[in-house]
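Step one of this worksheet: look at the structure below.
The sequence lines fix the lettering, A, B, ..., with proteins before strands; numbering per chain opens at 1.
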Amino acid sequence: MNLDELEQLVALLQNSNVRELTLKQGDKRLTLRRETSRNDLQTEEPEMLHPVELNGFQVDFADEQAEAQAVVSAPYVGVFHHIRPMTGMGASVAAGQIMCAIQSMDILNEVAAPAAGTVVDIHVQDNQPVEYGQLLYTIQTKED
Amino acid sequence: MNLDELEQLVALLQNSNVRELTLKQGDKRLTLRRETSRNDLQTEEPEMLHPVELNGFQVDFADEQAEAQAVVSAPYVGVFHHIRPMTGMGASVAAGQIMCAIQSMDILNEVAAPAAGTVVDIHVQDNQPVEYGQLLYTIQTKED
Amino acid sequence: MFDKILIANRGEIAVRIIRACRELKIKTVAVHSTADTNSLPVRMADESICIGPPPPKDSYLNMPNIISAARITGADAIHPGIGFLSERANFAEACEMCGLKFIGPTAAVMERMNNKASARETMSKAGVPVVPGSDGAIASDEEALRFARKTGYPLLIKAAHGGGGRGIRLVQNEEDLVRQLDMARTEAAAAFGSAEVYLEKFVEEPRHVEVQVLGDEYGHIVHLGERECSVQNLRHQKLLEESPAIQLTIQQRSRLGEAAVRAAKAIGYINAGTIEFLVDARGDFYFMEMNKRLQVEHCVTEQVTGIDLVKQQIRVAAGEKLSLSQKEIKFTGHALECRINAEDPDRNFAPAAGCITRVSLPGGYGVRVDTHITNDYEVPPYYDSLLAKVIVWDKDRAAAIVRMQRCLQEMEIEGVKTNIQFQRRILNNAFYRRGEITTDFVQRRILSETREETL
Amino acid sequence: MFDKILIANRGEIAVRIIRACRELKIKTVAVHSTADTNSLPVRMADESICIGPPPPKDSYLNMPNIISAARITGADAIHPGIGFLSERANFAEACEMCGLKFIGPTAAVMERMNNKASARETMSKAGVPVVPGSDGAIASDEEALRFARKTGYPLLIKAAHGGGGRGIRLVQNEEDLVRQLDMARTEAAAAFGSAEVYLEKFVEEPRHVEVQVLGDEYGHIVHLGERECSVQNLRHQKLLEESPAIQLTIQQRSRLGEAAVRAAKAIGYINAGTIEFLVDARGDFYFMEMNKRLQVEHCVTEQVTGIDLVKQQIRVAAGEKLSLSQKEIKFTGHALECRINAEDPDRNFAPAAGCITRVSLPGGYGVRVDTHITNDYEVPPYYDSLLAKVIVWDKDRAAAIVRMQRCLQEMEIEGVKTNIQFQRRILNNAFYRRGEITTDFVQRRILSETREETL
């Protein structure tokens, strides 16, 4: 990560209504937070930003709302399978609850929810091949 | 020349009391001028900056005083020779007057003054080999 | 021929394999840890799959994820490269079970050679000279003492399941032997999962010479000449390799080659492999061990034979017959390889990590560079320190050395410490120039000089 | 041997020569215009001297400044490289007068070959086949008509002092001949300083095949095989060269080589030179002209012979005897060279200038890259557009083509337009693959295809 890239990120943050931005590469992590006044926040519409790739870095955005989200990503390489009953949009999950399975070398590896909450996004489809770290679900961990 | 280099130059100019800065590469030329108020100028000490190399560019500085200078550089590759009488420090020269000679392939090539003025610097020594474009003299073309 | 190959490796060797695949019109899948997401092999391959976090055990050694990656991408073969899973018999076995061709020897062959004591026995039976040693694992102290009295000191105690220079102890006399035997057993059990140790005569001032072999599935085996690999650092890692080996007569060279082919035939070897020998001052040689995979230094063999080893590996694995007969394999000129590592020679060759801010590679006639680094490459701290291999060829050794010196003068890497200057010192060394190199060359001729200088 | 050589050139060929000097332990002086102050050869050389402003006539063609630069740096020889002063007899003469060894043939030899009509005569006497043509320069229209009636149409009118495909006119019939003869004379006088023209039979659908020769000061001359250079752009500039030539029998190849040696011997040639031939569909060949210097495409010859041509040039110039006998020169495999130019194939190959923001060069087995470009290199608009030469070697032509395709897939240059994609189209072309290439190949098989696509 060089200065130019950092500047791009700062610009991105300043021109957005996002309060916080996290970069991950390997096990390194960089978080940028924007100073906001209460006033600012009240005039803002809550908005969800999807994680994006920027120069190969995975960038997760987090605002006041998004701080209350957890993501479930693939801990194995393999084929994603829904379980029965399927964990669908809007489903409530408990921490540790099995959400899906990833089939790897004929073995079905179960994937558990990292936190309790409501499924607000499913990023993959049944029988889809997934790589390590691929985003599977977004969970809303706080009640609005 | 890229943006980074340009920024360096602008910074150089802003942090200096130089009013004007010229870059030459081949036959390209870039001039940067700093906005100054009359007040500024009056509090400044006149100061001479020698040409420097920056990222391979030859940078000539020009302030109010330096604008009244001319440089004589070698138009040939060869060995620098003073002529008799020698054009020494403080010598007055007329435009077109022969100042020195450069010996190239046994031929003495004469070098003429580009403008009338006073020799304020001699950058080479007798019998020194010089390459094309090498700085030989600085001439003060205006009376103080 | 295969349609798609998954490369279960990273760095320059992954790039090397992708290039061979491309020339064979085979599609490629690069697997990578999260630390290598933007690496050159990932960018070059037709597809890429992230297989885990940076630590090797979670990614490049993660068999289920790698095999699963091959399956979801529809690859029909896996090239394991060098290191990582390349000599794991159980990985080769898992691949075959999943219908994936493992590009290397079979699991059975690997297992046969993984036990050093039984490997010695096999070699000895096949008429390949081995260092005088105990018959398999030592059962008791008495047996050890009996062997020592017969053979004489100094002796080595070696762990049967050790390797890469690890698990070896030097003993000088009888008291030493008994005391160290116990320690060696304990250590072997902890490090290699087996307390078996054996004894071997210590070959003094040896050179490390290895022979490249190549075998197909139909029992046809050839050798591609030998490599001189005595220039090693204190951790027995090779630094500079060459081919042909120096200070061997033509007769000695052909005896070495023939012995290597006998060795490979004795175990029914398939694909590319290397038989390592110790060569003593008289040119007598002893089987040391077998590397059941491609070697980093395979390039010097390619330069003097004109044979693309990685393509041969792939062809043989695809069931093709070796199209080379021993007679057709000709050796021309001399090749050298310098390993350029991210390491700090002033701090005991500690691996260096960081961002390469600028790289300028050598080029021109007789020069080959195999590398995965580029400007702004971030050297991750998790893996080996190899940044690039500079390989040169010329008519003879003296000319090749001069060419390598020219290359290392041209080569510039900024941002991380490298051993470029250290390699230049080796090339300048008078003993090296004369070919007087034994496995302690670096310690004796280079590092001792440094100590003297700093005194 | 020389102590210090001044390289009177720029770009990749200056880098090539500096590398050879370094390997011979000869110090180097790079001369450069103000446009090349930060160029790679200037950074690599032991010393550098600025010799003038960017226009070639003021710098790289400025003889007094170049010779003076050699004197003030104490160089004892000048390597002229390719182009610029490399074939100027008066420069070679000026060097010798100033006690500087010119690395190339003598001025006398150059002059002998600079007049095309007399060169033809010399070749014909030496038993080297020449295209049926007028005996020397045409004195009158009558003489021209007489020759034409005897030889038949089409015919070429060529300027005696032209070269590189310039000053040539094709005539189809008698009326055409008389009319164009006048125009050709006027043009020749303006362009080459002499109105002399001669007539030649037009060889239809020829291939351009040239033979590399090398001679020492003691009359020993060998050839290093031939190069196929028919792939040329519309300005007759070579784009892709290979060795050996294709579609020639072994007998035809050895006849070509022998003819080239006879040609070089006939004029007492010294140093490296190239005899260019036109080869017709039957494999009959005709002397075209001689290049009295190194060629851009010398690298393909180096790859198939294992002989470093630039070092040989320097050795011969230093008065050493050629250590090569014709018998010892062996040819192995097939080599290809692609010239990567800064030019815009979509705008009639107009030269492109600008800053190279990123460059990624190919590498690995069987690959050589000769280049002077680096990241952030500013391509000056004053000189030729050659950025890099990618040279590959493999066992046979088909394998070499595949390797070159792999290399051009790897190669990335950002910031200026290049012909990389265009070269890939050539390599993909079925006629090229089959070796069906004549000098109009690019126009007939590649550009016509483009026109059809856009219709």
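Contacts between C:Gln405 and chain D at a heavy-atom distance below 4.5 Å involve the side chain alone, from C-beta outward. Neither the backbone nor the side chain of C:Lys389 has a heavy atom closer than 4.5 Å to any heavy atom of chain D. Heavy atoms closer than 4.5 Å to chain D are found in both the backbone and the side chain of C:Asp308. Looking at C:Lys311, the atoms closer than 4.5 Å to chain D (heavy atoms on both sides) all sit in the side chain, from C-beta outward. For a residue to count as touching a neighbouring chain, one of its non-hydrogen atoms must lie under 4.5 Å from one of that chain's; by this rule C:Arg19 touches chain D with backbone and side chain alike. With a threshold of 4.5 angstrom between heavy atoms, D:Glu410 approaches chain C through its backbone and through its side chain.
Using modelled atom types, one finds a donor on one side chain and an acceptor on the other under 3.5 Å when comparing D:Glu210 with D:Gln295. Residues C:His223 and C:Gln212 have side chains that never bring a donor and an acceptor to within less than 3.5 angstrom of each other.
Between the C:Gln423 side chain and the C:Arg339 main chain, a donor and an acceptor come within less than 3.5 Å of each other.
If you tally non-hydrogen atom pairs under 4.5 Å between each of D:Ile391, D:Leu309, D:Asp394, D:Asn375 and chain C, the highest count goes to D:Asn375. With chain D as partner, the option from C:Glu302, C:Lys25, C:Glu12, C:Arg368 having the largest number of non-hydrogen pairs under 4.5 angstrom is C:Arg368. Between chain C and the residues D:Gln409, D:Arg16, D:Gln303, D:Met44, the most heavy-atom pairs under 4.5 angstrom are made by D:Gln409. Options D:Thr371, D:Ile307, D:Leu361, D:Thr332 differ in how many heavy-atom pairs under 4.5 Å they form with chain C, and the most are formed by D:Ile307.
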**Q.** Intermediate values then yes/no, side-chain contact (heavy atoms from CB on, under 4.5 Å), D:Arg227 and D:Glu337
**A.** CA-CA 10 Å; D:Arg227 295 184 286 258; D:Glu337 172 184 281; over 6 Å; no
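Side-chain contact check for D:Ile26 versus D:Met1: some heavy-atom pair is nearer than 4.5 Å.
Geometrically, D:Arg43 does not engage D:Tyr377 in a cation-pi contact defined by less than 6.0 Å to the ring centre and at most 45° from the axis.
For C:Arg22, the salt bridge (Lys or Arg N to Asp or Glu O under 4.0 Å) criterion is met by no residue, not counting sequence neighbours.
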